[in-house]
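Below: the structure, in structure tokens.
Each ligand, and each atom within it, is numbered from 1 in the order the structure gives.
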Amino acid sequence: MRIILLGAPGAGKGTQAQVISQHWEIPHISTGDMLRQAVKQGSALGLQVKSTMDSGVLVGDDLIMQIILDRLQQPDAQQGFLFDGFPRTLPQAQALLAAKISPDFVLDIVVPHELIIRRLTGRRVHLASGRTYHLEFNPPKVANLDDLTQEPLVHRVDDEEGTVIKRLQVYQEQTSPLIAFYQNLAPAVKYLAIDGMGEVQEVNQRILQALA
Ligand code: AP5
Ligand code: MG
């Protein structure tokens, strides 16, 4: 199974990805999580992308394609994948197609932008795993600690309100054209819009039903 998760920042891609990747036994490949790991480790890649990510704009297409094509060489990605936050621009989607990598499903999680600002300003993340919480909507068992490792959670620099608004603009301009791009690849690619409102479990159910 090869799945692309589309959806604005804060729509719940990372949250839903945990369940989808377990259910279908496919690796959750989040370019955002991979880049944040690189920043945390202070690698050359991390140093290169940190200020771009912090300001809420996209890093270069060539760099992203290199990261993705490398990741797809690993054994766990041979039976399928779940892309989260990739592709994000028309050139990335075209490069993927040129590499003869085509998704079975494109799931677009749809949430009104007003709600997204609340979701992101209250988000807390476990950097090592990408596990995601929310102070109000999805709190960890113990305040500010990851449920599985008990390591501290962090507030992403790009989740400050002004930067969230910038990210939504970038999504509108550069990522939303991918909806028409994938709709035009039907029937080989199935584009499904999923209502991302309601409880995390309700959205889970909608996604699993849509894929069944
Ligand atoms: P990335 O990490 O991909 O960020 P994003 O797309 O902006 O999306 P988020 O991770 O912020 O949101 P999400 O949809 O995963 O929401 P979540 O599940 O956490 O990218 C970061 C940066 O990296 C980019 O700005 C760019 O610079 C760079 N980058 C990455 N990929 C790139 C690419 N391909 N090309 C170029 N640059 C790239 O949920 C949000 C919150 O809501 C959480 O707190 C969660 O608990 C809560 N929540 C989730 N579902 C619900 C629900 N149903 N009800 C209530 N609360 C909920
Ligand atoms: Mg995410």
> Does Gln78 reach the main-chain N or O of Gln74 with its side chain, forming a donor-acceptor pair under 3.5 Å?
Replying inline: yes

> Can you say whether the rings of Phe81 and Phe83 are parallel (under 30°), tilted (30 to 60°) or perpendicular (over 60°)?
Replying inline: parallel

> Is there a donor-acceptor pair closer than 3.5 Å between any side-chain N or O of Asp147 and the backbone N or O of Lys141?
Replying inline: yes

> Among protein heavy atoms, which sits nearest to atom 12 (O) of ligand 1, and what does the distance come to when rounded to 0.1 Å?
Replying inline: Gly10 N, 2.8 Å

> Does the Gln16 side chain pair with the main chain of Val200, one donor and one acceptor, at a distance under 3.5 Å?
Replying inline: yes

> Nearest protein heavy atom to atom 16 (O) of ligand 1, by residue and atom, and its distance?
Replying inline: Gly12 N, 3.3 Å

> In the protein, which heavy atom is nearest to atom 48 (N) of ligand 1, and how far is it?
Replying inline: Arg119 CD, 4.0 Å

> Considering only the protein, which heavy-atom contact is closest to atom 28 (C) of ligand 1, and what is its distance?
Replying inline: Leu35 CD1, 3.7 Å

> Quick one: does Ile109's side chain get under 4.5 Å of Ile207's, heavy atoms only?
Replying inline: yes

>> Donor-acceptor pair, distance only, cut-off 3.5 Å: does the side chain of Arg206 make one with the backbone of Asp195?
In response: yes

>> Would Lys13 count as a polar contact of ligand 1, with the cut-off being nitrogen or oxygen pairs under 3.5 Å?
In response: yes

> Between the candidates Ile64, Leu6, Val39, which shows the shortest non-hydrogen contact distance to atom 38 (C) of ligand 1?
Replying inline: Ile64

>> Check whether Asp104 reaches the backbone of Arg2 with its side chain - one donor and one acceptor, N or O, closer than 3.5 Å.
In response: yes

> What atoms in ligand 1 come closer than 4.0 Å to a heavy atom of Gly14?
Replying inline: 13 (P), 15 (O), 18 (O)

> Numbering the atoms of ligand 1 from 1, which are under 4.0 Å from a heavy atom of Phe137?
Replying inline: 55 (C), 56 (N)

>> Give me the residue, atom name and distance of the protein heavy atom closest to atom 44 (O) of ligand 1.
In response: Tyr133 O, 2.7 Å

> Among Thr15, Leu63, Thr52, Ile116, whose heavy atom sits nearest atom 17 (P) of ligand 1?
Replying inline: Thr15

> Got a donor-acceptor contact below 3.5 angstrom from the Gln92 side chain to the Met65 backbone?
Replying inline: no

> Do we see a donor-acceptor contact under 3.5 Å between the side chains of Asp146 and Tyr133?
Replying inline: yes

> Would you call His113 and Ile116 a side-chain contact if the rule is heavy atoms closer than 4.5 Å?
Replying inline: yes

> Sub-3.5 Å donor-acceptor pair from the side chain of Thr52 to the main-chain atoms of Leu58, do we have one?
Replying inline: no

> Considering Gln174, Arg88, Arg167, Glu199, which one's heavy-atom position lies nearest to atom 6 (O) of ligand 1?
Replying inline: Arg88

> With a cut-off of 4.0 Å, which atoms of ligand 1 are near a heavy atom of Gln92?
Replying inline: 33 (C), 34 (N), 35 (N), 36 (C)

> Do you reckon Val170 sits in the same ILVMFWY cluster as Met53, going by side-chain contacts under 4.5 Å, direct or chained?
Replying inline: no

> Considering only protein heavy atoms, which is closest to atom 19 (O) of ligand 1, and at what distance to one decimal place?
Replying inline: Arg123 NH1, 2.6 Å

> Among the heavy atoms of Arg156, does any lie under 4.0 Å from an atom of ligand 1?
Replying inline: yes

>> Against Asp159, only a single residue in Arg119, Arg124, Arg167 fulfils side-chain hydrogen bond (donor to acceptor under 3.5 Å, both in side chains); can you say which?
In response: Arg167

> For atom 40 (C) of ligand 1, which candidate among Val49, Leu120, Leu5 holds the nearest heavy atom?
Replying inline: Leu120

> Any idea which protein heavy atom is nearest atom 53 (N) of ligand 1, and the distance to it?
Replying inline: Gly198 O, 2.8 Å

>> Please list the nearest protein heavy atom to atom 43 (C) of ligand 1 with its residue and the distance rounded to 0.1 Å.
In response: Thr132 CG2, 3.4 Å

>> Keeping Lys13 on the side-chain end and Ala8 on the backbone end, is there a donor-acceptor pair under 3.5 Å?
In response: yes

> Is there any N or O on Gly85 that sits under 3.5 Å from an N or O of ligand 1?
Replying inline: yes

>> Check contact between Gly122 and ligand 1, using heavy atoms of the residue and a distance below 4.0 angstrom.
In response: no

> Evaluating non-hydrogen atoms only, which member of Leu58, Asp195, Val59, Val57 is closest to atom 27 (O) of ligand 1?
Replying inline: Val57

> Nearest heavy atom to atom 32 (C) of ligand 1: which of Asn138, Val200, Thr31 does it belong to?
Replying inline: Thr31

> With atoms numbered from 1 as shown, which atoms in ligand 1 lie under 4.0 angstrom from a non-hydrogen atom of Met53?
Replying inline: 22 (C), 23 (O), 27 (O)

> Has Arg36 got any heavy atom lying under 4.0 angstrom from an atom of ligand 1?
Replying inline: yes

